[in-house]
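Here is the naming used below: chain letters follow the sequence lines, and residue numbers restart at 1 for every chain. These numbers were taken from a predicted model, which means no experiment stands behind them.
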Amino acid sequence: MYLRAQLAESGDDVMDLSTLNAGQREAVCHTEGPLLILAGAGSGKTRALTHRIAYLVAEKNVNPWNILAITFTNKAAGEMRERVDQLVGFGAGGIWVSTFHAMCVRILRRHGQLLGFEGAFSIYDTADQRQAMKQTLRALDIDSQRLKERQVLAAISSAKDELVGPEQMARQAADYYGGHVAQIYGEYQRFLKRNNAMDFDDLIFQTVRLFSKNPEVLGEYQERFRYILVDEYQDTNTAQFELVRMLADKHKNICVVGDDDQSIYKFRGANIRNILSFEDTYPGAKVIKLEQNYRSTGSILDVANAVIAHNRSRKCKTLWTDHAAGAPVRYREFPQSFDEAEFVIRDIAGGTRPYKDVAVLYRTNAQSRLFEEKCVAYSVPYRLVGGVNFYQRKEIKDILSYLKVIANGADDLAVERIVNVPRRGIGAATLSKVRVFSTANGYSLYEGFRHSANIPGIGRAAARTEAFASQMEAFRAGMAGSGFTIKGLIEEILDKTGYREELEEEGDIEYAARLENIEELVNKAVSFEEGGGKGDLEGFLEEVALVADVDRMDDTQDQVTLMTLHGAKGLEFPQVYLSGMEEGLFPSSQSISSGDASDVEEERRLCYVGITRAMEDLTLTGARKRLVNGELRYSMPSRFIGEIPGELLEATNGGYHMESNNKGRMGDAPRTETNKPVSGESRPSFGRLSRVDESSSKLPFGKSFQIVKESNLDYKEGDRVSHQRFGDGTVTEIKDGPKDYEVTVNFDTHGVKKMLASFAKLKRA
DNA sequence: AGAACGTTCATTTTT
DNA sequence: TGAACGTTCT
């Protein structure tokens, strides 16, 4: 086979495995039958996985077409794809490297009609789900309280994760409430079906249903996927577990990689038992442990091992390294969260590392604020990961709704969203008439609009509803017929509907930002089409629906990374600050009071994940007081601190001292120079305050946008600045707005203007 | 239709 | 504390 020949050229006839350690090599060569690779943090599992794939192709003559590799994130899939391509060379394209969800969509697009879905079904995100639920509750005449809506959706989501359908839920319902939820669940599913839509959980659930009901379809995929690899197996939920089991049932060449100690998504339905009982599910399974860590120093690993050792339910595993001990792990306590942030950011600012080598991790997003403020105060550039998804922005959802309507006319939610955006004089009254008419005739809303001339009492609004329908028809025709590109289609929508015009007229402060976001969407479409998906609207929508926002980090800029512990999984940084080490925050009070010891264990795993992100320097910090939900909360140091033997921590004095084994009693020791608050006037002036949603055209196709804020301008309030259109002026205010920093400038010739820092492009005059 | 006010509610969130 | 939503008022 040519692949083999190609590899052979690089040396002898046997693939070079000398760069692997014994465990990795074993994992690569044990190709037949079930295999569990327990891969500790930083133990080179991706290396093992990619080499295994290459080995299958090059040494075992396995057709790439017969290999399936499943990951959870696009980022992981992308990395694996890249490395496999490098190792395997030509032919690697035949290997399916995909996320669970993307794989399921691909299967469902082909066979969805067996379940009563059309190929172009819409994929509903959380916001869409809420809308759908709202309407479902309304239809059932249940008054929808926000809480209830979310609760019901959560119940449905876990049911789907557990492969429980509405009927089964009804059967199992223990009480009136449960039966009620089951009823709503059924109605919600009918709503989705009518809209030819699936939510995220459905993608997996429906694929399993498809396979159960159609053994011949399953058989086709079983035959094809002779070798299956699953990454992050500890994070699989029941539905994913079952899906994998089905696919692997014939050949049983199933290799899963995971680390039970890094299972941190139980709240999303992940079932740690899937990995713990792998050997029961697959009798005769081979188990390989990868325990050598290549990432961290000895000190950091000691701390990680000490903490995780306190968990009861785990596969015994101890990471080791031949790296030197390195710098001791530091622990610092502060009187207030304010001081903690101050210390961390000053420590970073005064350090010698490039900012991009540093990460500040925290348990909850709310904690990010203080760090942001301090970054601004000390002019430390930072990137905040998390927050609002690019695709949830109003203007993006609007445009995508147009595309959805064009691709899938049954999607009533999308129609409702755009029918009067921009304003077409189709208000609530008209819409409701069309809705009643559509329901009565078994039409989708969109079809209702197309026949709206027949609606009694619609009066003069008919002209508008018909105009809307024919405009949509025109878009469709353009798309179906003469090969509009997606970019062309979006431009067409912006122009012909007057969307762009309305944006311009509103002239609001966010106008430029919105337009810029739409630009990004267009860029996204262009790169999608360059990737070969020309005019494939469904493909594009799918791409967009399945992308999360923490997918890819732009690490080209020199910025400190701020993110949650969850967000940090799978990443590594030379220097890490693990903040908020306080009882009640981390571990969270919910996990402590739930009465389920496994909840605290999950928090402990999260702590372990955080610690093992660090390569060289690790600092743990905590505060005695902090503002939580508007009230001041006092807390003890996290029990995780107490679980680290005192001699492993360098706790000299960030104001307190640690008494070993005394859960770090907080004393009133004097504060040292390093965490002394800076007085008002010595505080550096606001540096540049731009908060940019960085994203980008530069990112490879399939990668997502990322929420980023930056800070490195050079003007502050009172400064003279110049704008390329408005000329010179004086900055009167700099305010932290919802999207970006808002700068108010009093221009000499153009009066007072409020503008977004990132788009104003102001220069110091 | 949109501003202005009031109410409620708060972990984590790979898709 | 503050955001995100719903309601009411203009």
Side-chain angles (χ1 to χ4, degrees), chain A residues 70-77 98-105 123-127 129-130 134 143-151 154 157 160-161 198-205 231-237 239-240 262-270 337 361-370 385-389 391-392 420-421 423 425 427-428 506 508 542-552 563-571 580 584-594 599 602-603 605-607 609-610 626-633 704 736 738:
Chain A
I70 312 175
T71 64
F72 274 84
T73 67
N74 294 301
K75 185 187 173 212
S98 167
T99 64
F100 270 105
H101 294 264
M103 171 181 84
C104 287
V105 171
I123 299 169
Y124 280 0
D125 67 16
T126 358
Q129 288 184 53
R130 268 218 313 267
K134 229 182 247 178
D143 100 290
S144 88
Q145 295 242 317
R146 207 165 15 141
L147 193 138
K148 208 166 180 186
E149 189 180 290
R150 279 216 310 220
Q151 241 176 22
S157 173
K160 288 179 180 176
D161 287 349
M198 296 194 204
D199 61 24
F200 284 138
D201 303 312
D202 273 334
L203 296 178
I204 316 284
F205 183 31
D231 193 13
E232 304 281 17
Y233 192 69
Q234 76 281 356
D235 289 334
T236 50
N237 61 32
Q240 289 157 336
Q262 292 187 68
S263 164
I264 54 172
Y265 283 106
K266 180 176 157 197
F267 71 95
R268 283 281 296 120
S337 46
L361 308 180
Y362 36 79
R363 176 70 241 265
T364 68
N365 277 310
Q367 291 167 254
S368 69
R369 232 192 145 98
L370 284 173
V385 181
V388 192
N389 189 316
Y391 294 105
Q392 318 249 37
N420 209 28
V421 180
R423 271 167 291 220
E506 275 174 21
D508 69 272
E542 167 189 324
E543 187 74 37
V544 154
L546 296 182
V547 151
D549 57 353
V550 195
D551 263 343
R552 182 149 193 104
M563 64 180 159
T564 62
L565 285 154
H566 283 89
K569 196 173 114 188
L571 306 176
L585 179 63
F586 189 32
S588 71
S589 48
Q590 292 91 329
S591 71
I592 296 169
S593 60
S594 77
D599 286 345
E602 174 138 324
E603 299 277 309
R605 290 192 290 270
L606 196 51
C607 184
V609 166
R626 84 166 61 229
L627 212 50
V628 178
N629 296 344
E631 59 186 36
L632 205 53
R633 198 157 78 181
S704 90
D736 189 359

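- With sequence neighbours left out, A:Asp161 forms a salt bridge (Lys or Arg N to Asp or Glu O under 4.0 Å) with no residue at all.
- No salt bridge links A:Lys266 with A:Asp235; every basic N to acidic carboxylate O contact stays at or beyond 4.0 Å.
- Rounded to an integer number of Å, the gap from CD1 of A:Ile123 to P of B:dT14 is 16 Å.
- Straight-line distance from the CZ atom of A:Arg626 to the C1' atom of C:dT1: 14 Å, rounded to whole Å.
- Between A:His566 and A:Tyr265, the gap from one ring centroid to the other is short of 6.0 Å.
- Taking only side-chain atoms of A:Phe72, from C-beta outward, the nucleotide of B:dT14, C:dT1, C:dG2 with the closest atom is B:dT14.
- Within 4.0 Å (heavy atoms only), A:Arg130 reaches sugar-phosphate atoms of the nucleic acid but no base atom.
- By the side-chain hydrogen bond (donor to acceptor under 3.5 Å, both in side chains) test, A:Arg605 is found to be paired with A:Glu602, residues two or more places apart in sequence or in another chain being considered.
- The side-chain hydrogen bond (donor to acceptor under 3.5 Å, both in side chains) check on A:Thr126 picks up nothing, with sequence neighbours excluded.
- Applying the side-chain contact (heavy atoms from CB on, under 4.5 Å) criterion to A:Leu370, with sequence neighbours excluded, gives A:Ser337, A:Ala341, A:Glu373.
- The phosphate of C:dA3 has OP1 or OP2 within less than 4.0 Å of a side-chain N or O from A:Arg369.
- What separates CG of A:Leu571 from C1' of B:dT14 is a distance of 12 Å, to the nearest Å.
- Note on A:Arg150: every side-chain N or O is 4.0 Å or more away from OP1 and OP2 of B:dC9.
- Rounded to whole Å, the P atom of C:dA4 lies 15 Å from the corresponding atom of B:dT13.
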Could you list the protein-to-nucleotides 11-13 of chain B atom pairs, N/O on both sides, closer than 3.5 Å?
unit_1: B:dT12; atom_1: OP1; unit_2: A:Asn365; atom_2: N; d: 3.1
unit_1: B:dT12; atom_1: O4'; unit_2: A:Arg363; atom_2: NH2; d: 3.1
unit_1: B:dT12; atom_1: N1; unit_2: A:Arg363; atom_2: NH2; d: 3.3
unit_1: B:dT12; atom_1: O2; unit_2: A:Arg363; atom_2: NH2; d: 2.2
unit_1: B:dT13; atom_1: OP1; unit_2: A:Thr564; atom_2: OG1; d: 2.7
unit_1: B:dT13; atom_1: OP2; unit_2: A:Asn365; atom_2: ND2; d: 3.2
unit_1: B:dT13; atom_1: O2; unit_2: A:Arg268; atom_2: NE; d: 3.4

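- Taking 4.0 angstrom as the limit, A:Lys134 places a side-chain polar atom (N or O) nearer than this to OP1 or OP2 of C:dG6.
- B:dT12 shows a glycosidic angle more than 90° from 0 and is accordingly assigned anti.
- Across all strands shown, A:Asn420 has heavy atoms under 4.0 Å from sugar-phosphate atoms exclusively, and none from any base.
- For C:dC5 and B:dT12, the P atoms lie 15 Å apart once the distance is rounded to whole Å.
- What separates CG of A:Leu632 from P of C:dT1 is a distance of 11 Å, to the nearest Å.
- Between the CD atom of A:Gln151 and the P atom of B:dC9 there is a distance of 10 Å, given to the nearest Å.
- Partners of A:Tyr124 under the side-chain hydrogen bond (donor to acceptor under 3.5 Å, both in side chains) rule, at least two apart in sequence or in another chain, are A:Asp411.
- Between B:dA1, C:dC5, B:dT14, one nucleotide has an atom nearer to the side chain of A:Arg423 than all others, and that is B:dA1.
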